[in-house]
Amino acid sequence: MSKTFKNFIGGQWVAPASGEYFENRNPADHADLIGQFPRSDARDVQQAVESARRGFAQWRRTPAPARGDVMRRAGDLLVKRKDEIADLMTREMGKPLTETRGDVQEGIDTAYYAATEGRRLFGHTVPSELRNKWAMSFRRPIGVAGIITPFNFPLAIPTWKIFPALLCGNAVVFKPAEDVPHTGHVFAEILLEAGVPPEVLQLVHGVGEQAGKAIVEHPDVALVSFTGSTETGKLVGETCGRMHKRLSLEMGGKNAMLVMDDADLDLALDGVLWGAFGTTGQRCTATSRLVLQKGIHDRFLSTLVDRVKKLKLGDGRKAGTDVGPMINEAAIRKTEHYVDVGQSEGADLLCGGRRATGKGLDDGWFFEPTIFARVRAGMRIEQEEIFGPVLSVVRVDDADEAFAVNNDVKYGLSSSLYTRDVNLAFRALNELDNGITYVNAPTIGAEAHLPFGGVKQTGNGHREGGWEVYDFYSETKVGYVDFSGALQRAQIDNY
Ligand code: NAD
């Protein structure tokens, strides 16, 4: 018998209004049923938002340092349960344990950052242009925050959103991705144990078109933070625009690693293996394009193919696994489709390109790490997000052409440059159209205390992480206090 999980609404664990559930299975082994999770709809969301409004009324008045103490305790609990959470996360989404431990660690870092922000949340005090008058700005919480997250960082991404949302004094309605509801459940337990008051947090499981859509459309959800695909983000953005909601969108990527002739090639090889095939290519920051300068192109590519063929596919919970399964069958089919597209566009398939079979692989969603060479700028496999273990290799003459290839896509999350030329490295920071550029490191590797996000169709101008995310979850209010005892008219009596 598999376990049946519940939503957390109105301070209690409750069944969904529909009485319906969806299955959560291990992508490395279809026979392994993790549990049944609520298929919630607008009725559950209605209850959740009503409860969150009550929670907000109390939480917004809780001093920010006291809210920070709750985040610190949540961090402590994550530390204590790190290995257990990593294991259940790998079981439900597949990436190897080293990566899921890193995912939890990012949550821990985010918790401790939020805890200290409770004692900052800086405003400004500036001189008034009038005598005996003070002028200052400070931050206020906004209301009920709808939090909608993807499957690939099941803990880290919810923590990037929920810790700063709560720290700023908002109440939260959280809908985790339907492929990773177990991690969402455990995270909710931890928040409650850490001392988040019951009605301040609501956990609503379900599929995007029902539960997610209902959260976005609810008039009392004042702000929405969404991470997911650009296609879904567009729908979310249209609704929020129409309803004048505050909205943070973090969406797709088509990230490139540029390797110049003067690069440390061993370093770049390690970088591209990790960047392209870590998390089975299912990262917003995955390296999905490799741009090689002509002098090292052939040599680098042949060593890379040798190394990729040696990557060990398997269950992420087994020691020695380099690459886990993909998340589900739809992801496999999408990747297969792009392999067909690449071949019909005339790119050279150097390795992979099909489902992986064999011992330990037949019962899971495994796909062979895939490399396309002779990819030209503008081909669909060079332009579109595949979100699988597929690397498209483009050959360029020089750095300027590499920069142009990097920039000529609709996305702008991360980029990476391998070179020993310090002048070129700094020029790249200016020239590459991305939210993040790494020098001599792969396209992945964000740290919790720096702003994270992308330009163009990757985002809508907000950032997660670091100090900037606190701007999103709070409203600036200005206060003027005139203690002159007389009417002083700004811009009039002083000039
Ligand atoms: P997805 O867009 O399918 O789903 C994301 C979330 O949105 C899920 O919780 C889903 O249930 C919900 N959803 C789906 N339809 C909805 C709707 N109509 N209204 C409201 N919510 C809805 O994305 P995914 O497959 O889970 O994740 C992969 C995508 O996420 C990739 O495109 C990847 O690049 C992107 N991503 C971006 C970042 C970033 O920070 N930029 C980070 C991780 C993942």
Side-chain angles (χ1 to χ4, degrees), residues 22 24 27 37-42 45 92-93 95 103 106 146-161 173-181 183-184 203-218 221 224-240 245 247-255 279-288 326-335 384-388 409-414 434-436 443-444 446 448 451-465 469:
F22 61 90
N24 179 22
F37 288 82
R39 188 180 283 277
S40 313
D41 60 28
V45 169
E92 74 175 347
M93 68 74 68
K95 64 187 175 186
D103 198 308
E106 203 159 332
I147 305 289
I148 300 175
T149 53
F151 75 84
N152 60 342
F153 283 86
L155 187 80
I157 291 180
T159 67
W160 287 1
K161 299 177 188 299
V173 177
F174 170 36
K175 194 206 83 64
E178 46 269 50
D179 287 303
V180 290
T183 307
L203 173 68
V204 182
H205 289 290
V207 301
E209 296 74 21
Q210 279 178 301
K213 189 163 178 278
I215 291 171
V216 175
E217 288 177 348
H218 197 293
V221 172
V224 173
S225 180
F226 168 86
T227 298
S229 64
T230 297
E231 294 69 36
T232 312
K234 189 173 168 187
L235 300 175
V236 172
E238 281 167 1
T239 305
C240 290
K245 294 188 183 206
L247 170 67
S248 171
L249 294 171
E250 292 294 343
M251 302 173 287
K254 188 73 186 174
N255 316 293
T279 321
T280 325
Q282 301 170 113
R283 288 178 187 141
C284 50
T285 52
T287 307
S288 67
M326 299 196 70
I327 190 67
N328 54 34
E329 190 173 13
I332 291 259
R333 280 210 226 100
K334 182 176 175 195
T335 308
E384 298 174 17
E385 186 183 50
I386 300 172
F387 221 60
V409 288
K410 69 178 183 180
Y411 300 108
L413 187 49
S414 67
N434 305 92
I436 309 166
T443 54
I444 166 140
F452 178 92
V455 302
K456 299 193 274 188
Q457 290 189 32
T458 292
N460 66 339
H462 293 291
R463 291 290 182 273
E464 313 229 65
V469 70

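Just follow the structure's listing: the first ligand is 1, and inside any ligand the first atom is 1. The structure displayed is predicted, hence computed values, not measured ones.
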Are the side chain of Thr232 and the backbone of Gly228 linked by a donor-acceptor contact shorter than 3.5 Å?
-> no

Under a 4.5 Å cut-off applied to non-hydrogen side-chain atoms, are Gln282 and Ile327 in contact?
-> yes

Is_contact(atom 27 (O) of ligand 1), protein non-hydrogen, under 4.0 Å | yes

For Val236, is at least one N or O under 3.5 Å away from an N or O on ligand 1?
-> no

Pick whichever of Gly228, Pro150, Gly459, Ala211 has a heavy atom sitting closest to atom 35 (C) of ligand 1.
-> Gly228

Go through the steps to decide whether Glu464 and Lys161 satisfy the test salt bridge (charged side-chain N to carboxylate O under 4.0 Å, His left out), and finish with yes or no.
-> CA-CA 7 Å; Glu464 313 229 65; Lys161 299 177 188 299; 3.0 Å; yes

Check each heavy atom of Ile148 against ligand 1 and say whether those closer than 4.0 Å belong to the side chain, the backbone, both or neither.
-> side chain

Give the numbers and elements of all ligand 1 atoms closer than 4.0 Å to a heavy atom of Ala177.
-> 9 (O)

Can you find a non-hydrogen atom of Phe387 under 4.0 Å from ligand 1?
-> yes

Counting each atom of ligand 1 from 1 as listed, which ones have a heavy atom of Glu250 under 4.0 Å away?
-> 37 (C), 39 (C), 40 (O), 41 (N)

Per-atom contacts, ligand 1 versus Thr227 - under 4.0 Å to a heavy atom = 5 (C), 36 (N), 37 (C), 38 (C), 39 (C), 40 (O), 42 (C), 43 (C), 44 (C)

Test of proximity, Thr230 against ligand 1: N or O pairs below 3.5 Å = no

Would Val216 and Ile148 satisfy side-chain contact (heavy atoms from CB on, under 4.5 Å), going step by step from the backbone distance to the final call?
-> CA-CA 9 Å; Val216 175; Ile148 300 175; 3.6 Å; yes

Under 3.5 Å: N/O of Trp160 near N/O of ligand 1 = no

With only distance considered, is Glu178 within less than 3.5 Å of ligand 1 through an N or O on each side?
-> yes

Considering only non-hydrogen protein atoms, determine which one is nearest to atom 3 (O) of ligand 1 and report residue, atom name and distance to 0.1 Å.
-> Thr232 OG1, 4.1 Å

Among side-chain atoms of Trp160 and Glu250, is any donor-acceptor pair under 3.5 angstrom?
-> no

For Asn152, the ligand 1 atoms whose distance to one of its heavy atoms is below 4.0 Å = 43 (C), 44 (C)

Would you find more than 12 non-hydrogen atoms of other residues, nucleotides or ligands less than 6.0 Å from Lys213 atom NZ?
-> no

Working for side-chain contact (heavy atoms from CB on, under 4.5 Å), residues Val224 and Leu247 | CA-CA 5 Å; Val224 173; Leu247 170 67; 3.9 Å; yes

Those atoms of ligand 1 less than 4.0 Å from some heavy atom in Gly212 = 19 (N), 20 (C), 21 (N)

Looking at Cys284, which atoms of ligand 1 are within less than 4.0 Å of one of its heavy atoms?
-> 34 (O), 36 (N), 37 (C), 38 (C), 39 (C), 40 (O), 41 (N), 42 (C), 43 (C), 44 (C)

Does the pair Lys410 and Lys456 meet the rule for a side-chain contact (heavy atoms from CB on, under 4.5 Å), with working shown?
-> CA-CA 6 Å; Lys410 69 178 183 180; Lys456 299 193 274 188; 5.9 Å; no

Would you say Thr149 and ligand 1 have an N/O pair spaced under 3.5 Å apart?
-> yes

How close does the nearest protein non-hydrogen atom get to atom 41 (N) of ligand 1, and which residue and atom is it?
-> Met251 O, 2.8 Å

Ligand 1 contacted by Ile157 (non-hydrogen, < 4.0 Å) | yes

Under 3.5 Å: N/O of Ser229 near N/O of ligand 1 | yes

Part of Phe226 within contact of ligand 1 (heavy atoms, under 4.0 Å) | side chain

